[in-house]
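Notes for the one structure printed next.
Being a predicted model, the structure only gives us computed values, none of them experimental. All values below were derived from every heavy atom in this structure, side-chain atoms included, with hydrogens, water molecules and symmetry-related copies excluded.
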Amino acid sequence: MCYIERTGGGQRIARAQLVTAGGVAQWEQKDDASAVDQARKAASWIAHQLAQTDRPRVLDLLCVDTDGGVCTWLDAPAHEPAILVAALRQGDDLNAASLGSAMLPWQSLTAMDDATIQALGEPGHAGGQRVAAMGLPDASVRVVLDALDDLNIVVQRVISIWNAMAMVWDPAEHVDQDDPLVVTASSSVRAVVMLDPAGRLIWCWSHCEKLIACGSARLALSHDLEVDNQQIQQTDNDQPQHMPILSEADIGRLMTDWLGWSSQLGVAPSRILCLGPMPSLGDDDSRTRLSAARIGKALGERWAGASVDLVLEPDPVGVTLDRLCVRDRTLGDADEARVLVGLSHRSGRAHRSLYRWGAMLIVLLGILFIVGGVRRFQVAALARESAGKIQSRLIETLQAKAPEAAFSTYPGDELQKLINKLSPAAMTQSDSELRYVPIMEELATISLVVARPDVTLKKIDLRREIAMFTVSVPSTAAGESLIRAMDDIAGSHVRWTGNIESNRRGQDERTVRFTGTWDIKEQKGTP
């Protein structure tokens, strides 16, 4: 994991600390390059250090300091970042009466578009009436993330030092609820106060390792105090390291801030952990500095009922990061109380690759639709061409056979007139062109069969084009007998075929339909 320390209200990268299995490496900005160049140099250094590990393309965790960050409460109908930003921008008008001085910290954010703004978690046993929101300038962090992405390094999660303090120093979730020896377990709100050697007092409230409130304040620095009876080490350039000084006034301001948060969230911490380089010797003048014992006593007196733990640690940030690295617990990617969601889900190479493949798929589908449309237009053109050819041949035929219809507005009427003219001519054809059909003879032949008393003639149609008749018989057996009689009759000029049709259910009567074709030699004459 990597910790980034910034200056200038969170706009410039000052230092970076990378913690790996092989140890701790540090980088510090030493020139006056631009903020973007500083961020890119930090990203290049991180990539160079990761190349020496067994996972050169993955940075599990990126932790950001609190420089320029603010946290306060506000009225908002939901926890979405866009709604929080809208509520903050309307704070001077709509929420001025309800927020009052709570809006003042947000004025330090020069541009809300260049900051991560998200709601914090709510305590599980009490729901606050207001929304606790955190704002953290992230322009320089986004440059680092983009530079690492260009170097093909994936940053899995981004958190703030507030989130790290809540997860590392809150032991609430370390209780195994499935342990048969544990009858019941309860968790309370815990406060962590960190004295950053950079001259910052960083505090947070946590519940079940989730951040519910946080803040920071500037502290005075000293170079000549002892930490836990040991002189502070000197740097390479013989300059003493800075040590934060915590006075009674600083504790008073901290308690006042906590009282406001307690009234808004409806909860209060029952345990306080204070860690950092605290002097164990020196004067106890409350106007200048406090020793470790005096700090613990002041916190216990000002926040009655809470137990106070002191951890004397020259490098509290490094210890917090070390404890965070050795933890094997999984951080929730979508939990706003554990990670910085906007930075953790920032689009990178994988997202751009997905967008490119999606765009290529859309283009391919568009090409397929275009090809299909062109093909349909071609088929339609061929159909129109074939229809045009058929129409041309029809017009040519009409012009040759019936010119009156070809040039008429209503060709159908002209064709009907022509048919009417031709019909009498067809009727006056010479007898030599007509085929002789012995209708009367066949009628006499049929009457010999249907003259039986059990046969009733219903319909008969004998013409040159067709020969058929229909009779009804009392039963199926009578119908079959009639069909055999028509097959055996002599002198018939038609090849008859009989078919027995069934009538409605419950009736014995059957219908026999005879159809046939004329079977005669070519003869001339009239029927």
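- Trp169 and Glu209 share no donor-acceptor pair across their side chains, judged by distance under 3.5 Å alone.
- Between Phe514 and Phe469, the ring planes lie parallel to each other; the angle is under 30°, not in the 30° to 60° tilted range.
- Once rounded to the nearest 0.5 Å, the distance linking SG of Cys2 with CG of Leu62 reads 5.5 Å.
- Counting only heavy atoms from C-beta outward, the side chains of Ser206 and Leu211 never approach each other to under 4.5 Å.
- Inspection of the Ser492 and Glu442 side chains reveals an N or O donor paired with an N or O acceptor under 3.5 Å.
- In this structure, the side chains of Met360 and Ile362 stay at 4.5 Å or more apart for every pair of heavy atoms.
- Taking all atoms of both residues into account, the shortest heavy-atom contact from Ser447 to Ala444 is OG-O, 2.6 Å.
- The shortest distance between side-chain heavy atoms of Thr511 and Thr470 falls below 4.5 Å.
- The heavy-atom pair separating Ser140 from Gly10 by the smallest distance is OG-O, 3.1 Å.
- In this structure, Ser262 contributes its side chain and Val267 its backbone to a donor-acceptor pair below 3.5 Å.
- Judged by distance alone, with hydrogens and angles left aside, the side-chain atoms of Ser386 form a donor-acceptor pair with the main-chain N or O of Leu382 at under 3.5 Å.
- Crowding of Arg452 atom CZ: a count of heavy atoms from other residues, nucleotides or ligands under 6.0 Å exceeding 12.
- For the side chain to side chain contact (heavy atoms under 4.5 Å, CB included) test with Leu59, the passing option among Thr53, Leu50, Val158, Leu145 is Leu50; the others fail.
- When side chains are defined from C-beta on, Cys71 counts as touching Leu120, because their heavy atoms get closer than 4.5 Å.
- Remark: the Trp162 side chain and the Thr66 side chain contain no N/O donor-acceptor pair separated by less than 3.5 Å.
- Atom CD of Gln391 is surrounded by 12 or fewer heavy atoms from other residues, nucleotides or ligands within 6.0 Å.
- Side-chain contact between Thr116 and Met134 is absent, with no heavy atoms from C-beta onward closer than 4.5 Å.
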